[in-house]
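Not measured: the values here are computed from a predicted model.
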Amino acid sequence: MKIFGAEQERVLGSLYGAEAAEVYSALLRSLSLVLEEKVSPLSLALDQGNEEISKPRRVLFDQGVCKLPHATEFGGMGVPFGVYALAMELAAVADASTAMSLGIHNTVADAVSRFGSPEQKKRLLPVLLSGKKLAAFALTEPTSGSDARSMHTKAAHEGRYYVIDGSKMFITNAGEADLYLIFASMGTGHGAFLVEGTNPGLKVGKPLKEKLGMRASHTAEVRLVKCKVAEGSLLGKEGEGFEQAKQLLDSSRIVMGMICVGISRAAYVAALAYAKGRDLFGKKLSDMQLTREKVANASIETNASRLLCMHAARLKEIGKPYSSEAAQGKVLATESAARTCDAAIQLLGGYGYTSDDVHRHWRDARLLTIGEGASEVLRLLIASHELEREQ
Amino acid sequence: MNIVVLVKSAVDEAELKADPSGHPLLKGVSMKMSTFDMNGVEAAVKLKEQNGGTVIVLTLAGAEAKKAIKEAMAMGGTKAVHILAEAADAPDSLGTAYCLAQAVKRIGAVDLVVSSEGASDTYQGEVGAMVAEFLDLPFIAYAKKVETDGVKVKCEQGLMGTVRVLEANLPAVVSVVSEANVPRYPTLLQVMVAGKKAIEEIPLASLKGPDYPDTGTEVLDVSIQSASRKKVLFDGTPEEAARKLAGALKEEGVV
């Protein structure tokens, strides 16, 4: 399967103009060749637990995927955020778990880039963008997910240190990460702290092995027990943590939406190939009207999802508000991915139900209507924006 | 040392389809660097890394070849020379080799010209040898290993289960086979930097001298060879089917 094709090239052309699109297309075409040869062949084994995610993730780090949207000053490539978002679609076609692990890691790099001190940027961005250090984003808690403001983890300022106590749940890259971005309540507001994985006060729980999908990515609880960090670990200022998290999630939702576009494509292409080859009632399965309805719906929803996510990315690039559009893109992409992957299982019939290689796409997609803002909460956010606009 | 690597912009064979009469459907098919040329570029870039110097990517094609040139540049090409020839004026292999050789002369002070074993779309495998002839340089074909000390080039050639080691004085022309190396994947940064490097363009007509070999060769038709299969199904239990299959294979003289 060709991971980068005319659809992506056309989107780049319409957003960035012919000349820039040519450069970005060359980047993504080159990336897709690597994904096709080095990542896609591992994907089934990754889902089945027979390969380690560090292997394909290293391929993407070495290619420089994380460098794409960051400033050149600290080792980034200064490419528009939308090009990075498209790169994440391609990565997810090859393997969704790897794409998600990388996307979450890069959210932490984004945090350092936006809110970090010059010292933090100089120290951390080169190692994060090259993948010498892996990062984890720790906001969710056992009793607070979308309602992040009610977090129970607390940080107290004690002399030249902060002491963090609490628990974070469903943390992607937990156990593997060298650096954790921990959000904690500070009485009058929240704070975000960069905590080394080697900190004796940071304990990683047992990996959550019974996940429905995204099985190759490591997920676990992270406990903070009198976790003492230097003052210089605070990102930005005390009290800014919640606002930082909101901004980071706006951006990350575009990426998660594009990951779902990639998952949809992987399932859709596999189902289409099957439908074209399967004979029944003297015809091909792809000739049946009800099959064609599924194909058309998958195509409409996948393309619409990509365009809405890329629209949000473009708004971000030009400095316009994009919180609602990012949420809309994520809701559409994640929910339609689940529908498309379900249709793919239906088309493949018994093979769809019994083969990991088909139903893993549905299992992977299913996470993202929950993670990084559940669809229900995002709808509330979208509605708030709409109502404010109408006033 | 200065190395020129010959690169062809070829149709992407992964996208190639044929109409019912077997004629390739080329409309909308992407172009890319010929798959085998990636081995040529890899060999040239490795020699540059070992010996220093430059790798000049040289191609003869229409504007669509820009993509192939940039792919080669991303792999480590230092600069590129593009002989611009639109499809209607595209010469045959001999004319192409003549023009490439003229361009090599124009570049000047070239120590080594590297080509691949053939193009991944037409696979005629002629141009490398012809360029050597036009330049009056030694030619080593089908090298699976290339080394140089800057004075001589030493190659290993695999022939029918034997290995022949050949050496020639520089300057020389060498064609490499796909076993010679595993082409590198450029990083995204290398791809972006390559996209910004200048490409020197030379009009085809400016290279044609009075000795240009106008052979009048024309490609009249291209069609895909199809291999027919017998598609025999053996029924029965697995044991019965296996016995029938073995019998049929014996009958065909396969075993």
How long is the straight-line distance from [atom2] of [Y] back to [atom1] of [X], given to the nearest 0.5 Å?
X         : Y         : atom1 : atom2 : answer
Glu71(B)  : Leu33(A)  : CD    : CG    : 7.5 Å
Leu31(A)  : Thr187(B) : CG    : OG1   : 11.0 Å
Tyr185(B) : Glu37(A)  : OH    : CD    : 3.0 Å

Does [X] [atom1] have over 12 foreign heavy atoms under 6.0 Å away?
X         : atom1 : value
Lys122(A) : NZ    : no
Lys197(B) : NZ    : yes
Glu73(A)  : CD    : no
Lys66(B)  : NZ    : no
Tyr123(B) : OH    : yes
Lys46(B)  : NZ    : yes
Phe61(A)  : CZ    : yes
Lys2(A)   : NZ    : yes

- Query: Side chain, backbone, both or neither: which part of Leu28(A) has a heavy atom under 4.5 Å from chain B?
  - Reply: neither
- Task: Tell me, for Val79(A) versus chain B, whether the close heavy atoms (under 4.5 Å) come from the side chain, the backbone, both or neither.
- Result: side chain
- Note on the structure: Ranking Ala14(B), Pro186(B), Ala194(B) by heavy-atom pairs under 4.5 Å to chain A gives rank one to Pro186(B)
Quick one: what part of [X] sits under 4.5 Å from any heavy atom of chain A, side chain, backbone, both or neither?
X         : result
Lys196(B) : neither
Gln190(B) : neither
Lys67(B)  : side chain

- Query: Met192(B) and Leu27(A): which non-hydrogen atoms are nearest, and at how many Å?
  - Reply: N-CD2, 3.7 Å
- Message: Looking at every non-hydrogen atom in both residues, tell me the closest pair between Val191(B) and Ser30(A) and how far apart they are.
- Response: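 Looks like CG2-OG, 3.4 Å.
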- Query: Which of the residues Glu22(A), Lys67(A), Arg29(A) is involved in the greatest number of heavy-atom pairs with chain B at under 4.5 angstrom?
  - Reply: Arg29(A)
